Amino acid sequence: MKTRIVLGGTSLLLLIILSQGPASSYSLSDMGNSYASILAADAKISPFTDEDLAEHQNLIALLTTEGFTIEVDGIAYPFPAQLKDLSLEQTADESKLSFTPEFMDYMLGTVAEAVRDPETDITLLEADATKTSRVTLEGVLKDGRELVPALTKEMIIGALARSETTTQGVLRKVEGKIINQTGLDLGPLDLLTEGKSSFWGSSPEREFNIRKALNERFNGILIPPGGEFSYVEFLGEIEYAGWKQATAIFKGTQLEPTPAGGVCQVSTTIYRAALNAGLEISEHRSHSLYVIYYQHFGDGLDATIFPGEQDFKFVNNTPNYMLMVTQEEGFKEAVIRFYGEDDGRSTELYGPYTGANQTDEVKAGVGAPLGIGQIAWKYLITHPDGTVETKWLLSDYMSPAQQHRGETPGLLEY
């Protein structure tokens, strides 16, 4: 037998319950100031008395003066509570203070509406499936988020059990979808992986070039199975195509303004996505000088390009078509995502290793101790058949790199 009491009115009014079965709920706000005990018909349950409520008095006082707060992403959603919003459940072993179902639903519904960020989809309209090419698409792909009411309710109940009046709301991501209306069988377009980089601190001209590359050159590139992607090919003309002058590296060590300066930010981000997807990298070189913009999300994992001299290329070695989607998210973060068919492969990147934190394993892996301008990563690819391929990625700069002194290298995670 379990008895639920709804607390209300100007005092804690308790009724006599003489029946067994499901928990009962009572509204006591209009029943005056009289006071009684609960006597259970089940002999195993002791009388429900004043002392049973004593352990909850402090919490009741807090809830009716300060209310209950649900926090989501640092934002507080406070809910003033009255006695009529509280309930007490009594079993043979314990009594629990909680909220009435109506007040619980009110809190959850209010927070859910406030934090909901709807997802948006993109639609593929036209595509050339015979070669690596840009598709015609409509919309902007964006993941959304929503509150998970059941888990948030558990968090609320857990907080009350600990006599706490604040808890965290639980969110879940709602992924935007890719809708294929091309009439072509492009296979599943599920999220495979992503790459990220930060261009915080860039000049306005460099920021302009990065956004132009993301939006106009590399969003919506479709790569057939076995097809190769060339960054320089899709970057296209830079002399007379509306690019701004921004600093770039020339002849190894010279910094000079050039049209489209800064677009290596995007090639670097695509390189990181390709690594995370376990794709076959067919052409790659790191920058000749250490670039501070590439410290975040994989220090030392960068890819330089220059039309006519250096390209970045990879091969789609997945079983089906792969779609590249580019976005700017957060605070000046470039994001590249690949969508396609997941064949079960996985990757791991451990680092960054520099001269200040290298180990014997690193020295053996790259073949020599790391110098002041070198950064290494241990790269593992687990193939669909379960075999594990180990590679060492080494960036060799002509200028000193950030030394990760005292840092223990770990698994790269976003």
Side-chain angles (χ1 to χ4, degrees), residues 71-75 77 109-127 133-149 151-152 168-182 184 186-200 202 207-223 229 234 262-263 265-277 296-298 318 320-342 412-414:
E71 293 184 352
V72 180
D73 285 347
I75 300 176
Y77 299 90
T110 301
V111 176
E113 182 176 356
V115 304
R116 175 76 168 110
D117 182 17
E119 72 281 6
T120 58
D121 305 329
I122 61 172
T123 302
L124 309 185
L125 302 175
E126 297 180 3
S133 60
R134 288 191 69 191
V135 302
T136 302
L137 54 81
E138 185 177 74
V140 176
L141 188 65
K142 183 180 77 69
D143 292 337
R145 70 173 191 178
E146 64 184 13
L147 189 76
V148 186
L151 295 181
T152 303
Q168 296 293 320
V170 181
L171 296 176
R172 64 179 160 217
K173 181 172 72 173
V174 182
E175 293 185 356
K177 299 183 292 298
I178 298 175
I179 303 170
N180 179 14
Q181 292 186 355
T182 64
L184 302 172
L186 303 179
L189 293 173
D190 299 324
L191 177 63
L192 298 179
T193 192
E194 67 181 13
K196 287 186 178 182
S197 70
S198 170
F199 54 97
W200 182 85
S202 296
E207 289 184 8
F208 176 91
N209 292 335
I210 292 168
R211 293 187 175 105
K212 182 178 176 67
L214 287 172
N215 297 327
E216 297 181 11
R217 296 293 190 267
F218 298 99
N219 189 36
I221 294 177
L222 184 69
I223 310 163
F229 163 82
F234 286 93
V263 295
Q265 184 89 40
V266 180
S267 60
T268 289
T269 315
I270 297 175
Y271 170 56
R272 293 173 177 180
L275 287 176
N276 291 334
H296 300 289
F297 306 113
T318 71
N320 222 316
Y321 288 88
M322 192 169 67
L323 181 71
M324 180 189 304
V325 176
T326 70
Q327 289 180 267
E328 178 186 350
E329 296 180 357
F331 184 68
K332 298 183 181 180
E333 292 179 3
V335 181
I336 304 292
R337 293 189 175 95
F338 290 146
Y339 295 82
E341 181 177 344
D342 185 357
L412 177 64
E413 295 181 309
Y414 293 150

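Computed over heavy atoms, backbone and side chain alike; hydrogens, waters and symmetry mates excluded. It should be emphasised that the depicted structure is a prediction, and the values quoted were computed from it without experimental measurement.
Residues forming a ring-ring contact (aromatic ring centres under 6.0 Å, His included) with Phe229 (at least two apart in sequence, or on another chain): Phe234, Phe314. In this view, Glu126 satisfies the side chain to side chain donor-acceptor pair (under 3.5 Å) rule with no residue, not counting sequence neighbours.
Contact between Gly262 and Ile210 at its shortest, heavy atoms only, is O-CG1, 3.5 Å. Shown here for Asn320 and Leu186, the closest heavy-atom pair between the two residues is OD1-O, 3.5 Å. When every heavy atom of Val266 is checked against every heavy atom of Ala213, the shortest pair comes out as CG2-CB, 3.8 Å. Across all non-hydrogen atoms, the minimal contact from Glu194 to Lys196 is OE2-CE, 3.4 Å. Thr269 approaches Gly195 most closely through the heavy-atom pair CG2-O, 3.3 Å. Looking at every heavy atom in both residues, Ala127 comes nearest to Leu222 through CB-CD2, 4.0 Å.
Side-chain contact between Phe218 and Ile336 is absent, with no heavy atoms from C-beta onward closer than 4.5 Å. Using a 4.5 Å heavy-atom threshold, the side chains of Lys142 and Asp117 count as touching. Contact of the Asp190 side chain with the Asp342 side chain is not registered, since no non-hydrogen atoms from C-beta on lie closer than 4.5 Å. For the pair Asp143 and Glu329, the minimum side-chain heavy-atom distance is 4.5 Å or more. Using a 4.5 Å heavy-atom cutoff, the side chains of Leu171 and Val115 are in contact. Between Val111 and Thr152 the shortest side-chain heavy-atom distance does not fall below 4.5 Å. Using a 4.5 Å heavy-atom cutoff, the side chains of Thr123 and Leu137 are not in contact.
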### Query
Does the pair Phe338 and Met324 meet the rule for a side chain to side chain contact (heavy atoms under 4.5 Å, CB included), with working shown?
CA-CA 5 Å; Phe338 290 146; Met324 180 189 304; 3.7 Å; yes
### Task
Verify side chain to side chain contact (heavy atoms under 4.5 Å, CB included) between Val135 and Thr182, making sure each step is shown before the conclusion.
CA-CA 9 Å; Val135 302; Thr182 64; 5.9 Å; no
### Task
Please test Leu191 against Arg337 for side chain to side chain contact (heavy atoms under 4.5 Å, CB included), starting from the C-alpha separation and ending with a verdict.
CA-CA 7 Å; Leu191 177 63; Arg337 293 189 175 95; 3.9 Å; yes
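Asn276 contributes a side-chain N or O that, together with a main-chain N or O of Arg272, makes up a donor-acceptor pair within less than 3.5 Å. In this structure a side-chain-to-backbone donor-acceptor pair under 3.5 Å is missing from Glu146 to Val174. Thr136 places no side-chain N or O within 3.5 Å of a backbone atom of Leu125 that could act as its donor or acceptor partner.
Here the CG-OH distance, from Asn180 to Tyr339, works out to 14.5 Å after rounding to the nearest 0.5 Å. The CG atom of Leu214 lies 7.0 Å from the CZ atom of Phe199; values are rounded to the nearest 0.5 Å.
A salt bridge links Asp121 with Lys177; the closest basic N to acidic carboxylate O contact falls under 4.0 Å. One finds a salt bridge joining Arg116 and Glu119 here, because a Lys/Arg side-chain nitrogen approaches an Asp/Glu carboxylate oxygen to under 4.0 Å.
When each of Asn219, Leu124, Ile221 is tested with Leu323 by the rule side-chain contact (heavy atoms from CB on, under 4.5 Å), just one qualifies, namely Leu124.
Looking only at atom types and distance, the side chain of Gln265 has a donor-acceptor partner in the side chain of Ser197 under 3.5 Å away.
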